[in-house]
Structures are given as C-alpha cells and as structure tokens.
Amino acid sequence: MSKVIFVTGAGRGLGTDIARQALAGGHQVVATGRRPEEVEKTLGGPQDNLLVTKLDVTSLEDAQAAAHAAVDRFGRIDVLINNAGNFFAGYFEEITPAQMRQQIETNLFGPMNVTRAVLPIMRGQRAGHVITLSSSAGLIGQEFCVAYAASKFGVEGWMESLRYDVAPYNIRTTVVEPGFFRTELLVDASTTWPEPSIDDYAERTSATIAAWKSMSGQQPGDPAKLAQALLTIADQDQPPLRFVAGADAIEGVEAKAKELLAQAQASRELGGNLGYGAA
C-alpha cells in the first residue's frame with residue numbers, strides 16, 4: 001500500500017537510498033535536507049510523488065515548516081524516518097564542550113525536533129510510524145566514539161520510552177541499530193576529526209584517525225539493502241521496537257546482552273540487598 005514517507009538527511013548516503021527505493025516502490029516521499037536543491041538533483045529532479053523541502057534538524061521551526069508542507073502536498077504523514085546525523089570522533093578530553101553539545105544537538109535533539117513536529121499530525125490520523133536511526137554505538141560503547149555514543153545512547157532511551165507515550169494513538173516506534181554500513185558517515189562532510197591537542201593522546205589519535213579513514217567505503221554493510229529492510233519494516237502492521245541491522249551489529253549486541261546479564265548476576269549479592277529491612 002502506498003504511504004507518505006518523510007525522510008531526513010535525504011541528500012546523500014542512506015537517506016538517498018531510502019528516498020529512491022520508496023519512490024520506486026510507489027510511495028509518496030518527503031525528502032528533506034539542509035540544501036534542498038542538492039537533494040532534488042540527487043533524486044533525479046522533480047517528480048509527482050516527491051516533495052523536497054529544506055530541513056536543518058537542529059531547527060524546530062524548519063521541522064514544523066517541513067511537516068506542514070508535507071501535509072499541504074500529500075494530506076498526511078504515515079512514516080517518519082529520522083536518518084540525518086553526523087559524527088564527532090575523538091577521545092573525550094580532545095572533544096570540546098561545544099562539539100559535544102553540537103553532536104547531541106544534531107543526533108538527539110535533531111530527531112526529537114522532527115518527531116515533535118510530526119506527532120500532532122500522526123495523532124490526528126490515529127496512525128503513524130516513527131523510525132529513528134540509532135547505531136550499534138547506541139548500545140555498545142566504543143573507543144574514539146564517546147560523543148557519538150552519548151548521542152545515540154540518548155536516542156535509545158528516548159525512543160524506548162516514546163513508544164509508551166504514543167501507542168494509545170496507534171503510532172508505532174522502531175529504533176534501528178546498524179553496524180558498519182557504507183552510508184558516508186565517515187566522509188569528511190559527516191565526520192569532524194579531532195585535532196591532536198594532548199600529548200598523552202596524540203599517538204593514539206593519529207593512528208585511530210588513519211584507521212577510521214581507511215575504513216570509509218570498505219564497511220561490510222550495503223546501505224541499499226538496509227534501505228529496503230527499513231521500507232519492509234515501515235510496511236508491517238506490527239513493526240519491531242528494535243531492529244539490529246548487520247551481522248556485525250547482531251554479534252555485538254548479543255555479546256553486550258550476555259555481558260549485562262553477567263554484570264547483573266554479579267551485582268546480586270551486594271546490589272540486591274539495599275532496600276529497607278533487607279538483611
């Protein structure tokens with residue numbers, strides 16, 4: 001069945017794949033980005049089923065304007081795919097407070113802004129589906145990813161809790177945890193690399209930057225297949241609350257689950273007897 005699918009960050013990478021495949025599948029697509037003229041060019045120019053509109057996800061005003069434009073054009077929004085994001089790499093002490101705030105502003109408050117603009121429309125419809133791209137780094141802390149992981153761990157908590165808020169209005173939520181895909185996250189337009197500023201970290205910083213840059217374009221995951229998987233989920237009556245994407249991510253999440261269970265069990269003796277009246 002044809003749906004109205006609203007995609008953020010549609011100008012390149014995974015967002016472009018989602019928008020293209022949604023159009024090819026007969027859906028009506030709202031493709032958004034900070035430079036709409038580039039988004040439209042990337043998607044092949046004007047099309048009857050395509051609305052391209054400006055959206056900087058850090059701007060609630062942009063989000064509200066884009067949501068209103070979608071309804072004006074197509075009458076509704078069935079699926080929101082929060083895809084836009086960026087990556088501030090580096091060790092914690094070499095990431096400035098301003099960079100940390102910018103990372104969280106884009107990756108956490110960004111999808112919150114867009115969802116805040118879209119939810120009144122979905123509530124009015126008594127139907128909708130919010131899909132938000134997190135990352136395996138939203139479940140598993142990683143070296144050199146402290147800012148990114150902090151933003152994505154926030155996405156996880158927000159989305160896991162949001163489902164309870166919106167379920168009474170027949171609005172579904174799915175949080176997606178991809179592993180390493182060739183989504184252009186590691187290109188310079190999406191990644192801010194740290195400047196070595198602390199001697200203790202300098203050698204590790206230089207080596208890690210080189211290793212990450214060499215990985216760009218070599219990641220095992222196919223973004224076109226991920227895009228198709230997301231559209232499959234968007235078409236389900238009972239979509240999953242979580243979708244772990246990629247064999248590497250599944251392996252990592254399984255290991256993390258075992259680690260958490262072991263830590264909970266190890267905490268039982270000391271942590272399980274902290275209530276009033278406990279022996």
Side-chain angles (χ1 to χ4, degrees), residues 8-16 33-35 38 55-59 62 82-114 132-159 175-221 223 226 244-246 248-249 251-253 255-256 259:
T8 70
R12 55 192 172 83
L14 178 62
T16 298
R34 289 178 296 172
R35 291 175 287 276
E38 293 183 12
L55 174 54
D56 178 341
V57 297
T58 65
S59 167
D62 272 13
N82 285 310
N83 164 72
N86 59 15
F87 176 33
F88 280 81
Y91 296 109
F92 176 66
E93 288 188 274
E94 292 194 315
I95 294 174
T96 69
Q99 288 174 328
M100 182 67 76
R101 289 180 183 276
Q102 188 175 347
Q103 178 75 102
I104 294 174
E105 192 71 41
T106 300
N107 287 1
L108 177 56
F109 287 110
M112 284 183 173
N113 284 336
V114 183
T132 299
L133 272 291
S134 176
S135 167
S136 57
L139 294 172
I140 306 164
Q142 300 176 33
E143 183 180 3
F144 218 61
C145 292
V146 63
Y148 186 73
S151 69
K152 294 300 189 179
F153 266 73
V155 165
E156 294 285 333
W158 164 57
M159 284 292 290
V175 60
V176 182
E177 293 107 355
F180 286 100
F181 282 79
R182 296 176 197 177
T183 59
E184 299 189 27
L185 182 64
L186 294 180
V187 301
D188 290 343
S190 294
T191 295
T192 298
W193 302 104
E195 292 290 338
S197 59
I198 299 174
D199 287 345
D200 278 344
Y201 292 106
E203 183 176 347
R204 293 169 66 198
T205 293
S206 297
T208 307
I209 289 174
W212 280 77
K213 285 189 174 184
S214 70
M215 190 189 306
S216 183
Q218 305 300 316
Q219 301 96 319
L226 176 55
V244 183
D248 57 335
E251 181 180 351
V253 170
K256 178 63 177 283
E259 178 185 335

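Not measured: the values here are computed from a predicted model. Atom set for the values below is all heavy atoms of this structure, side chains included, hydrogens, waters and symmetry mates excluded.
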To the nearest 0.5 angstrom, please state how far the [atom1] atom of [X] sits from the [atom2] atom of [Y].
X: S151; Y: N86; atom1: OG; atom2: CG; value: 8.0 Å
X: T8; Y: D62; atom1: OG1; atom2: CG; value: 12.0 Å
X: Y201; Y: T208; atom1: OH; atom2: OG1; value: 12.0 Å
X: S134; Y: N82; atom1: OG; atom2: CG; value: 11.5 Å
X: I95; Y: Q102; atom1: CD1; atom2: CD; value: 11.5 Å

Would you say that [X] contacts [Y] through its side chain, given a criterion of any heavy-atom pair below 4.5 Å between the two side chains?
X: R34; Y: L55; answer: no
X: E177; Y: E156; answer: yes
X: D248; Y: S136; answer: no
X: V57; Y: N113; answer: no
X: P178; Y: L14; answer: no
X: P111; Y: W158; answer: yes
X: E203; Y: T205; answer: no

I would like to know whether R204 and E143 meet side chain to side chain contact (heavy atoms under 4.5 Å, CB included); could you show each step before the answer?
CA-CA 10 Å; R204 293 169 66 198; E143 183 180 3; 3.1 Å; yes
Do other residues, nucleotides or ligands put more than 12 heavy atoms under 6.0 Å from F109 CZ?
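No, not enclosed.
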Determine, step by step, whether M100 and F92 satisfy the side chain to side chain contact (heavy atoms under 4.5 Å, CB included) criterion, reporting the C-alpha distance in whole Å, the side-chain angles of both residues, the deciding distance to 0.1 Å, and the verdict.
CA-CA 9 Å; M100 182 67 76; F92 176 66; 3.8 Å; yes
Please give me the minimum heavy-atom distance between A137 and F153, naming the atom from each residue.
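Smallest interatomic distance, heavy atoms only, reads O-CE1, 3.2 Å.
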Measuring centre to centre across the rings, with the benzene-like ring taken for any Trp, is Y91 within less than 6.0 Å of F144?
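Between F144 and Y91, which both carry aromatic rings, the centre distance is below 6.0 Å.
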Run the side chain to side chain contact (heavy atoms under 4.5 Å, CB included) test against E251 and tell me which residues pass, sequence neighbours left out.
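E251 satisfies side chain to side chain contact (heavy atoms under 4.5 Å, CB included) with no other residue.
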Kindly indicate, with the supporting measurements, whether the criterion side chain to side chain contact (heavy atoms under 4.5 Å, CB included) is fulfilled by Q103 and N107.
CA-CA 6 Å; Q103 178 75 102; N107 287 1; 2.9 Å; yes
